Amino acid sequence: KQEVTQIPAALSVPEGENLVLNCSFTDSAIYNLQWFRQDPGKGLTSLLLIQSSQREQTSGRLNASLDKSSGRSTLYIAASQPGDSATYLCAVRVTGGGNKLTFGTGTQLKVEL
Amino acid sequence: DAGVIQSPRHEVTEMGQEVTLRCKPISGHNSLFWYRQTMMRGLELLIYFNNNVPIDDSGMPEDRFSAKMPNASFSTLKIQPSEPRDSAVYFCASSLANQRGSYEQYFGPGTRLTVT
């Protein structure tokens, strides 16, 4: 059974700092990995999707990497801003698992002024 | 596009009552997912449909839960009878396999259910 872990569970950084969020998964046979952002009381917003054949994806200040063999992904946020404060979740789609996503428990990020 | 639409946004009901949650996926998407999110268990997949057909309902907690997708633009999740432990935020998501088969999922705003 695929298990997805995110460390740390919570993170507080000063504005302007570069930071890295971690995601690890136990079954490396994945089809893709998706990073989401969730604001309090809101739904999930898709940030980046990395196919299993890709090493990284970039969108603006965000860069996600994938190392399938070691079961790890990182989300790098450059020059963090208070507006980046949210919970960040990663989710994997397992090969042969249909369209199912298995989610991590999330990292709650707070960027302080 | 308006994105995934869910209704109601908030629902408060008494134990034993029937609850129906509704979802309209993004037009043209061919997969629809129902999730439940709680502090204790995080985000869990309940059931998903491909082309209106239920594919995997292994996450449905028990027979009190049922889901239907009568057409490509509408789905319901019903709880009958409801119990306090069903209190959670219920999300609907939809996706479309593009030419690269990415299956990126887009989420609705959720329905916050409180059963007293």
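Chain letters run A, B, ... following the sequence lines, proteins first, then strands; residues in each count from 1. None of the values given here were measured: they were computed from a predicted structure.
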Subject >> Polar contact flag, side-chain donor to acceptor under 3.5 angstrom, A:E56-A:Y76 >> reply: no

Original post:
Does B:V4 reach the side chain of B:F91, with side-chain heavy atoms less than 4.5 Å apart?
Top reply: no

**OP:** Compute whether any side-chain donor of one residue and acceptor of the other, for A:D67 and A:S69, lie under 3.5 angstrom apart.
**Re:** yes

Original post:
What residue in B:Q37, B:R41, B:E44 has the most heavy-atom pairs under 4.5 Å with chain A?
Top reply: B:Q37

Original post:
Between B:I55 and chain A, which part of the residue has a heavy atom less than 4.5 Å away: side chain, backbone, both or neither?
Top reply: neither

Original post:
Within a reach of under 6.0 Å around CZ of B:R64, are more than 12 heavy atoms found that belong to other residues, nucleotides or ligands?
Top reply: yes

Original post:
With a 4.5 angstrom heavy-atom cut-off, which part of B:S58 approaches chain A: side chain, backbone, both or neither?
Top reply: side chain

